J.: 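What follows is a single structure, and I will ask about it in a moment.
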Amino acid sequence: ASVKPAVVYDIGGKFDKSFNEGVFHGAEKFKSDTGIDFRDFEVTNDAQREQALRKFARDGFNPIVAVGFGQAQPLEKVAAEFPNTHFTIIDSVVDKPNVQSITFREEQGSFLVGLLASKASKDGKVGFVGGMDIPLIRKFGCGYVQGAKYANPKADVYQNMTGTTGAAWRDPVKGGELARSQIDRGAEVIYAAAGATGLGVLRAAADGGKLGIGVDSNQDGLFPGKILTSMLKHVDVATYKTFMDAKDGTWKPGSQVLGLKEDGVGYSYDDYNKALITPEMKAAADAAAKDIIDGKIQVHDYMSDSKCPE
Amino acid sequence: MPVAAAIELEGIDKSFGAVHANRNVTLSVAAGSIHGIVGENGAGKSTLMSILYGFYEADAGEIRVGGTPVKIGSSRQAIAHGIGMVHQHFMLVDTLSVLDNVMLGAEGGALVARGAAAIRVKLAELGRAYGLVVDPDALVGDLGVGLQQRVEILKALVRGATILILDEPTAVLTPPEADQLFGMLDTLRREGKTVIFITHKLREIMHITDRVSVMRRGEIVLTTETAATSPAQLADAMVGRRVLLTVAKGPATPGPVRLEARGLTVLGSNGVALVDDVSFTLRAGEITGLAGVAGNGQSELLEALAGIRPIAAGEILIDGKVVPATSHNPKAIRTLGLAHVPEDRHRMGLIMPFEAAESAILGIHTDPAFGRGPWLSRKSIIADLARKMAGYDIRPPNPRLKTANFSGGNQQKIVLAREMERDPGIVLAGQPTRGVDIGAIEFIHSRLVALRDAGKAVLVVSVELDEIMALADQILVMCGGRLTGARTPPPDAANDERFVGDLGLLMAGVTEQAA
Amino acid sequence: MSAPITLPRWADLVLVPVLSVLTAFVVGGLVVAAIGVSPWDATRTLITGSLGSGEALGFTLYYTTDFIFTGLAVALAFQAGLFNIGGEGQATLGGLGAALVCLHGGFLPGWLLIPLGIVAAAVFGGIWGLVPGYLQAKRGSHIVITTIMFNWLASTLMGYLLVNGMRAPQSMEPETVPFPPQAAIPTVHGILEALGIPSATTPLNLSFLLALACAFAMWLFIWRTRTGYEIRTTGANPTAAVYGGIAPAWIIMLTMGLSGALASGVAVNEIMGVQNRLLLEFTAGYGFVGIAVALMGRAHPVGIVFASLLFGILYQGGAELAFDQPKISRDMIVAIQGFVVLFAGALDGLYRPHLARIFTALPRTRSGPI
Amino acid sequence: MLTGLASDTALILASSLRLAVPLIFACIAGLWSERSGVVDIGLEGKMLVAAFASAVVAYQVDSAWAGLAAGILASVALGLVHGFAVIDQRGNQIVSGAAINLVAAGLTALLGNAWYGEGGRTPQLDSVASRFHEIPWPGEASLGAIPVLGPFYSNLLAGHVVLTYLAILLVPLTSFVLYRTRFGLRLRATGENPAAVDTAGISVRGLRYAGVVICGVLCGFAGTYLSVAQAASFLPSMTAGKGFIALAALVFSKWRPWPALFTCLLFGFLDAISIRLQGAVIPGVGEVPVQAIQALPYLLTVILLAGFVGRAIPPKASGIPYVKER
Ligand SMILES: Nc1ncnc2c1ncn2[C@@H]1O[C@H](COP(=O)(O)OP(=O)(O)OP(=O)(O)O)[C@@H](O)[C@H]1O
Ligand SMILES: Nc1ncnc2c1ncn2[C@@H]1O[C@H](COP(=O)(O)OP(=O)(O)OP(=O)(O)O)[C@@H](O)[C@H]1O
Ligand SMILES: [Mg+2]
Ligand SMILES: [Mg+2]
């Protein structure tokens, strides 16, 4: 089938060093593998989401990837208008016959990096710096805390959110200060789930002789030897697969929840951090991953009840 | 010419847009002399001096200093040619000390400290030589106007001025202060310095100057040895026709008290009493004149009576009833029948960017005559001003012209028409003829007298003693915020030397007890 | 010499702003060229993308609606001599007001719920404007600084409420549940379709008419009522206002309250007209655009409607441009806005002397020397 | 215990200082401009442009100092636009400042995106030469061990980037130039009564341009600090309102250098404390919401402006174009 893929990013923008960027990388990979070009658009206000989706659909683009939970409402409308166009929404669920919904179990990946952080620290003092204070980010934090406590029940997790507006994704200075304050209190490993703000967090950790943990894509190479690992959220894979499936005619609507089992989330282990993750740590993480997949460990999802078990 | 000319102006011309402020002015000032310049408001005196001082640039003409043609493009060049100027509106920085003000532009080095020491010495010398003593460390904003003027003169002298221009220096001085100034000018003249002295007061011209020039409508219409002229001749030259210095009015028939002030006190922002325990009454059918040198609390008193300034102590009674604190605001006081012609029409009385018709309803804009309920009917406000324009001969008679585009005199008439046509019981008129030509002055004076004769209580505040004496049935004098005296003028008061002298003492704060 | 520059009224109201805006566009064009995009292509995309089709026009007018509201808000404050930079925050609070009514008033019929929502938006936005007004009038705080602080406070407050209290349960997004359907302000395409006229789906809704009505109402209020007169007097000459028995403190608070209410029209358009739920940052910087709009429109409602249309074209056309040209990002529009404010606002004296010279020369050449 | 407290205090103060540095530069920048009579709400925009230019040049040339120079140049250029608009063209100063903020926000993001294709972000400054680094002081570790005083030495005094020390030095320097030199005297007078300066034979225009240029230079430092010292790249709208906070600080300090320093440190402290306070549990109230903490500086600004500084009287002539002939 001839595919004409398109992507509509969320307000954070294509280069948010986070999931929008992951989608972009997946689409780029598809382009370089197949030679099929794609179109994309960054929305700047709420009304443009619907506008962009409709415009792409009308211009015959198919499939169209909508990034971010903010697109759910507009997609619901536009998907109904264009029943023959295939849509994939990431991070939210839209129940329509021509929509594929992909969500991730970020709490599971965060659990694993929490476990690693706890193990990498001497006395279980670790930190978490979130971007904007929204449920999704609390979900990351909650999984992280559970992992850290799983590895060391006495673990101490410092949690900070950078802000309450969109600017919180783009404030590395504040991120850096938050990280420093956690370091001052004794944190040895800091997990940044904060878009570009995370760069400041990781840098502060590196400068302070501590370890950072990246998010979404593999950020281990940013400060080699100073980043313990990255919590991987394979939006790139999901995007690539959507485009590929569409190309091969195997694209299917419906809802997918990608967790550890589906290899939707995970942690990075490569040349950059081999020296930081001892075999013992790796074994513990892999064992926990297996237990999660087998259901022996239940990682609580903050989104399910807006609460995080203490 | 027997004496060398310190300054020669030839063919100076200057326009501000439509206003032709100086027309082909030629003037020669002899070195070592005091040269007076007189002329009506707006005649172009200040403009001419500002050109000489490099503050404005002339459109045409030549300036010669000591015989050599010079180009004075900035005040810096004027200073370099030995010219110093004391402006009509002081050019001082209130938040700086006297020393800093004097130093400004003559610091004597990149660092202030070194120059400051030198200037301190100089100030002390000048203080001794001319009796110009000022505390160099006082903040200029804290000084009275008299002392501020001293600072201005010191600024010029410190810069080594040999030619000193004084623009209406005596307007802000009490008679004794003025005498002291004249003493100083005399000293300067004896030292061979040249003084150009601008004033409205013909007495002063006759007293101190060697020569005098009269300006009218931007031109010099007369230059003569002072000894060879008379006040009457100068006045005629200023106005261009014979001047009636008196107002035609019959005897007053005072009625009941309309307004009474009891122990009024008004504080300035720094807590100083600007009006200090002032009590008086205004009667129906009588014009009360409030005399005093500008800046002695008259303005504040007027604004307090009109409800604009809060009163710190005392009370105001209108028709025998105390005005409660809740009614002490312009709106409520207006409804009690008080009209107020403010001293400064630009700042307070009018709204320059508005159409004249809109300026002409300020303060009465809530009047039901101008529209139903919340609405303002343009038709009726335009018709209203059109009617008043006819009655007050306001030109051009176009209510829709922008207020700013009327001449000063006509702007003043708009204010007067607005305030007087409301048929108020009490009229407060602050400087009603300031900046207004002689024809309009006569008109305004006759209006005020007509109001009196119609049984209104009228208070006229003026810094022009002649105006007070021409109009008032009762004269109050203020100095330093206090009422220093109340007088009933004798017949032909203006020519009564003793009476004028008495008022002068009161204006200087010399009260009966002390006298 | 620096004569008082008097231009014919039409030149002052039309020619000078048009020249200023043209200059801004020329400078914008230079920037576009500098980053390697043909200004001509960009202009073509801008125009066809904003006016070339029913859909484009719908979006353009939808943006125009927001800008009319915020432009009027800034202009009203201008009339009283106040600089209200707080449109963002006021609109945000307006959204809160509208949402509270819409979420809790589901039992009401639409004809009652919609007006109530609008009133609530106006009241909430008005209060958020009135408080800085009060602080300026009574405490002497600088209104520019306070309104900026209030923008931040509003977005923080909204963040808190949407994450903690008002968020739809089970929802990822900091936003409320959708409003009941009858709370939605009818859309233009919905109406057209109901009339059997096929039309593109756009967010344009009847708030547009409300915006136009507000423009007319503001004109009536400012130039035809006693209170409007008091506001203008306070702005033009505060001392004269006091003399005239006008209490500036009251006028400042009133004006800021009304200004905030006008700004919350953005909430009516966005929250009740388009999104039908309350969400974060729906104001999207429209409050700041209002400053540019008000300056360009000379603080006059008619001017503001036209300036809003221009900015609507810029926004919609600019989005198309960003669609078409990867090198041009959404920020281009912000920069052009800045140029417009600079040339139409701060540098509007640039052409005046030259124009005045031309105008004074014209009749002379026509009538010949006298 | 005591040592722990001292160490905590020192750390919070050090954090306050770091956060205050851009405010100090910007606030003193505003002071110079407004003391000369030119109101500048465009501090924000100038900082942003400086942050952008310095990050770009520091990256391209691989030199932090070249970045600083570029930041200063860019900021001064924008300042001159403001100067031209308000000094020569007598435009409205608030409006011109607002325009500058918009132009800066738009152009930096636009150019950043056009050049590097990362949504306006500039590349990370990874090399040592391209960033300002914290300068180690002798014996930081050993002296830091001294109880109570140690932490203050090693955390608060030592180990800041060079710009931080410059920011602190700037205050006495400003104070000296403003109050002790001819230039300062004239500049202050210009802000209060330009006519007095003019009649004293001094160019008002020259002094106001001087004020505007100094303001530009200092905003250049502020912006460079943000992108080249504090962060390691430029990000769109990374100033995040610091220019306005600096303006508020200027009002509090009543346009005086030393109080300006203390006000900026206070704001920095509020910010630092809000970072530390996050997640803290207050007895009886429970965990303080992030939002409440974050609103604190804004709320305090409003409250301080409304209550505690009283009426701050700006330089009398600031905001008013100097027009000789009405
Ligand atoms: N800067 C200016 N711009 C425009 N017009 C001006 C300016 N200065 C003075 N004028 C006008 O020029 C004319 C002459 O003014 P000038 O101040 O020289 O008068 P004057 O003789 O000093 O009057 P007064 O006795 O009131 O001081 C007046 O009509 C005045 O309005
Ligand atoms: N800025 C202006 N724009 C347009 N017309 C003006 C302006 N200023 C003054 N005029 C007009 O020019 C004429 C002369 O003004 P000017 O101020 O010189 O009057 P004047 O001779 O001083 O009168 P008055 O004695 O009443 O003050 C007036 O008729 C006035 O309407
Ligand atoms: Mg004069
Ligand atoms: Mg006149």
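Chain letters run A, B, ... following the sequence lines, proteins first, then strands; residues in each count from 1. Here the structure is a predicted model, which is why all the values come from computation and not from measurement.
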J.: Can you tell me which portion of C/Y134 sits under 4.5 Å from chain D's heavy atoms? Options are side chain, backbone, both or neither.
T.: neither
J.: Using a cut-off of under 4.5 Å on heavy-atom pairs, state which of C/I333, C/V341, C/D331 scores highest against chain D.
T.: C/D331
J.: Under the side chain to side chain contact (heavy atoms under 4.5 Å, CB included) rule, what do C/M149 and D/I245 come out as? Steps first, then yes or no, please.
T.: CA-CA 9 Å; C/M149 298 296 147; D/I245 299 272; 4.1 Å; yes
J.: Look at D/G241, D/A105, D/G97, D/A104 and state which one has the largest set of heavy-atom pairs under 4.5 Å with chain C.
T.: D/G241
J.: Report, as yes or no, whether the 6.0 Å neighbourhood of atom OH on C/Y160 holds more than 12 heavy atoms from other residues, nucleotides or ligands.
T.: no
J.: Could you report the tightest heavy-atom contact between D/A295 and C/L153, atom names first, then the distance?
T.: CB-CD2, 3.7 Å
J.: Hey, which of D/A109, D/A114, D/P236 has the most heavy atom pairs under 4.5 Å with chain C?
T.: D/A109
J.: From C/I145 CD1 over to D/L247 CG, what is the distance, rounded to the nearest 0.5 angstrom?
T.: 5.5 Å
J.: Report yes if some heavy atom in the side chain of C/F339 is under 4.5 Å from a heavy atom in the side chain of D/L102; otherwise report no.
T.: no
J.: Which atoms of D/V86 are under 4.5 Å from chain C, going by heavy atoms: the side chain, the backbone, both sets, or neither?
T.: neither
J.: On a heavy-atom basis, which atom in C/G338 and which in D/A99 lie closest, and how many Å separate them?
T.: O-CB, 3.6 Å
J.: With rounding to the nearest 0.5 angstrom, report the CZ to CD1 distance, C/R139 to D/I303.
T.: 11.5 Å
J.: Give, as side chain, backbone, both or neither, the part of C/F83 having an atom under 4.5 angstrom from any heavy atom of chain D.
T.: side chain
J.: Counting heavy atoms not belonging to D/F244, are there more than 12 under 6.0 Å from its CZ?
T.: yes
J.: Using non-hydrogen atoms and a 4.5 Å limit, figure out which bit of C/N164 sits close to chain D: side chain, backbone, both or neither.
T.: side chain
J.: Rounded to the nearest 0.5 Å, how far apart are CG of D/N101 and CD of C/Q337?
T.: 12.0 Å
J.: Parallel, tilted or perpendicular for C/W152 and D/Y298, by the 30°/60° rule?
T.: parallel
J.: Quick one: does D/Q89's side chain get under 4.5 Å of C/L350's, heavy atoms only?
T.: yes
J.: What's the spacing between C/H142 NE2 and D/L250 CG if we round to 0.5 Å?
T.: 11.0 Å
J.: Can you pull the ring-ring contact (aromatic ring centres under 6.0 Å, His included) pairs that have at least one residue in residues 100-122 of chain D, sequence neighbours excluded?
T.: D/F52-D/W115
J.: Check whether any side-chain heavy atom of D/R90 lies under 4.5 Å from a side-chain heavy atom of C/L347, and answer yes or no.
T.: no
J.: Using a cut-off of under 4.5 Å for heavy-atom pairs, which of C/L157, C/L342, C/L135 has the most such pairs with chain D?
T.: C/L342
